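Since the structure comes first, as structure tokens, the remarks are kept for the end.
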Amino acid sequence: MDIRSLGYVGVEGPNPKDWLSFATRICGLMPAPLVPGEDPSATRSEDGMSSDGSVYLKMDPRQWRLAAHPAETGGLRYLGFELAGRGAFEKALDEARQQGLTVTPGTPEECMARGVHRMAHFADPAGHRIELFISATADSPFESPTGVSSFLTGSLGMGHIGLLVPDLEAGLNFYLDILGFEESDYFEIGPGMAMHFLRCNARHHSLAIGRVGDFKALHHLMLEVPNIDEVGQIHDRATAASIPISTQIGRHANDRMISFYMKSPFGFDIEIGCEGLLVGEDWVSQKLIRPDVWGHAGLTAEVGGAD
Ligand SMILES: [Fe+2]
């Protein structure tokens, strides 16, 4: 199937309201002025929050890109992958059914809650909810409350996500053979442990999927800003606010990203980076030995946001 990008991500955990200050004051995202499904003429007490306590965050002209929903424990609620239009959407659903997946069309209420024209969902082998969608809502320009000039989104999608799964082979079969991702490269971490980096557009990877044990977890979500100064300014704000920095700044060997990782309110990491590699049709998969060109002290496959 012809997935174009990672369009949106929904995470969950206790006190989603904590994301309002973390995502806006530290990372520079914008509270969604209009929450999906909300009446534009209604009076709201707090930007970015819906009546069920979810927080919606904006990174670009799209109505929202990241949502934090209330739940008892922290983790991933859904990944939204974008297709170009109706034909590609119908073809993708046919392919998913032919591969034996149980495909559930999104109800009109669910599509409204995502701000998309159409959506359908199924589960990946680890049980993550995967949503395919078309025609997301674009409402107003992005204006960061903390001076981030922009996030690199558009045809590259909102960033990348790192998932740990108990059955890596099943995960790779699913994302490569059914969803149509291409592998950019991979590392072997140890016996039965590896990380594979998969792309669906020019961004080196939109999905990192790996195995370090018999569990599944959301390891991190990466958001990309235009330059090292904006990475450093977010790092300054995180440090000033005593946000735990889980991985010091460094440059990855594979996607060349200069980045650092910090703990989000739901326990998993947010990676903030710049200079991510774009790859073309001539790219071939590689096996890598060194994960980093320099830095990234503290980076491990340990996670705080099991889902
Ligand atoms: Fe990453």
Side-chain angles (χ1 to χ4, degrees), residues 5-16 18-19 22-23 26-27 29 54-57 59 64-81 114 121-131 157-168 170-172 174-175 179 181 187 189 193-200 203 205-224 238 243-247 252 255 257 259-273 291 296 298-307:
S5 71
L6 175 62
Y8 58 71
V9 172
V11 295
E12 62 183 15
N15 305 316
D18 293 345
W19 275 84
F22 171 74
I26 309 296
C27 305
L29 279 70
S54 299
V55 168
Y56 288 86
L57 297 154
M59 298 171 59
W64 68 283
R65 287 282 193 177
L66 176 61
H69 300 288
E72 285 186 12
T73 55
L76 180 67
R77 183 170 287 195
Y78 51 81
L79 294 179
F81 290 114
R114 300 286 188 265
H121 58 94
F122 42 79
D124 80 1
H128 299 116
R129 176 167 162 136
I130 304 301
E131 299 184 353
M158 67 175 283
H160 71 232
I161 192 133
L163 301 177
L164 298 176
V165 298
D167 187 341
L168 182 56
L172 289 173
F174 176 85
Y175 286 101
L179 266 59
F181 281 70
F187 296 103
I189 302 168
M193 298 191 291
M195 286 295 297
H196 291 248
F197 299 85
L198 314 184
R199 70 180 183 278
C200 57
R203 192 189 286 283
H205 62 280
S206 293
L207 174 70
I209 184 169
R211 180 185 187 280
V212 295
D214 290 327
F215 61 90
K216 67 167 181 161
L218 169 54
H219 184 268
H220 73 275
L221 171 66
M222 189 288 299
L223 307 177
E224 186 170 2
I243 304 291
I245 306 295
S246 35
T247 297
H252 286 309
D255 67 356
M257 180 82 73
S259 64
F260 74 97
Y261 296 58
M262 60 184 156
K263 284 287 169 212
S264 78
F266 289 169
F268 60 84
D269 277 356
I270 293 287
E271 178 184 10
I272 299 288
H296 279 149
L299 182 57
T300 70
E302 289 175 5
V303 289
D307 64 325

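On a predicted model such as this, the values are computed, not experimentally measured, just so you know. Note: hydrogens, waters and symmetry copies are ignored here, and every other heavy atom, side chains too, is used.
Applying the side chain to side chain contact (heavy atoms under 4.5 Å, CB included) criterion to Ala194, with sequence neighbours excluded, gives Leu168, His196. With sequence neighbours left out, the ring-ring contact (aromatic ring centres under 6.0 Å, His included) criterion links Phe260 to His235. When the side chain to side chain contact (heavy atoms under 4.5 Å, CB included) test is applied to Ser5, the partners found at least two apart in sequence or on another chain are Glu82, Asn201. Partners of Asn15 according to the side chain to side chain contact (heavy atoms under 4.5 Å, CB included) rule, which considers only residues two or more places apart in sequence or in another chain, are Asp18. Residues satisfying the ring-ring contact (aromatic ring centres under 6.0 Å, His included) criterion with Tyr8, sequence neighbours excluded, are Trp64, Tyr78, Phe133. Scored by the side-chain hydrogen bond (donor to acceptor under 3.5 Å, both in side chains) test, His205 finds His160 as partners (sequence neighbours excluded).
Minimum interatomic distance between Ile245 and Ala238 (heavy atoms only, all atoms of both residues): CD1-CB, 4.0 Å. Here the closest non-hydrogen pair linking Phe181 and Ser206 is CE2-CB, 4.4 Å. The shortest non-hydrogen separation linking Gly159 to Leu6 is O-CD2, 4.0 Å. Scanning all heavy atoms of the two residues, the minimum distance from Cys27 to Ala23 falls at CB-O, 3.3 Å. Taking each heavy atom of Met158 and Arg203 in turn, the nearest pair found is C-NH2, 4.2 Å.
The backbone N or O of Gly7 lies less than 3.5 Å from a partner atom in the side chain of Arg65, making a donor-acceptor pair. A donor-acceptor contact shorter than 3.5 Å links the side chain of Arg211 to the backbone of Pro166.
Contact check for Phe122 versus His128: no side-chain heavy atoms found under the 4.5 Å cut-off. Inter-residue side-chain proximity for Leu76 and Lys216 is flagged as unmet; no heavy-atom pair is nearer than 4.5 Å. Under the 4.5 Å side-chain criterion, counting only non-hydrogen atoms from C-beta, Leu223 is in contact with Leu29. In this structure, the side chains of Glu271 and Thr247 stay at 4.5 Å or more apart for every pair of heavy atoms. Between Pro70 and Pro16, some side-chain heavy-atom pair lies under the 4.5 Å cut-off. At least one side-chain heavy atom of Leu163 sits less than 4.5 Å from a side-chain heavy atom of Leu79. Leu198 has its side chain out of reach of Leu179: every pair of non-hydrogen atoms, C-beta onward, lies at least 4.5 Å apart. By the 4.5 Å heavy-atom criterion applied to side chains, Asp167 and Phe174 are not counted as neighbours.
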Assess the residue pair Leu299 and His252 against the criterion (side-chain contact (heavy atoms from CB on, under 4.5 Å)); give the C-alpha distance rounded to whole Å, side-chain angles, the decisive distance to 0.1 Å, and a yes or no.
CA-CA 11 Å; Leu299 182 57; His252 286 309; 3.6 Å; yes
Run the side-chain contact (heavy atoms from CB on, under 4.5 Å) check on Lys263 and Asp269 step by step: do they pass?
CA-CA 5 Å; Lys263 284 287 169 212; Asp269 277 356; 3.2 Å; yes
Going through the distances and angles, do Leu66 and Trp19 end up as a side-chain contact (heavy atoms from CB on, under 4.5 Å)?
CA-CA 10 Å; Leu66 176 61; Trp19 275 84; 3.8 Å; yes
With side-chain contact (heavy atoms from CB on, under 4.5 Å) as the test, would you mind laying out the steps for Val11 and Leu221 before giving the verdict?
CA-CA 10 Å; Val11 295; Leu221 171 66; 5.6 Å; no
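A side-chain donor from one of Ser259 and His296 sits under 3.5 Å from a side-chain acceptor of the other.
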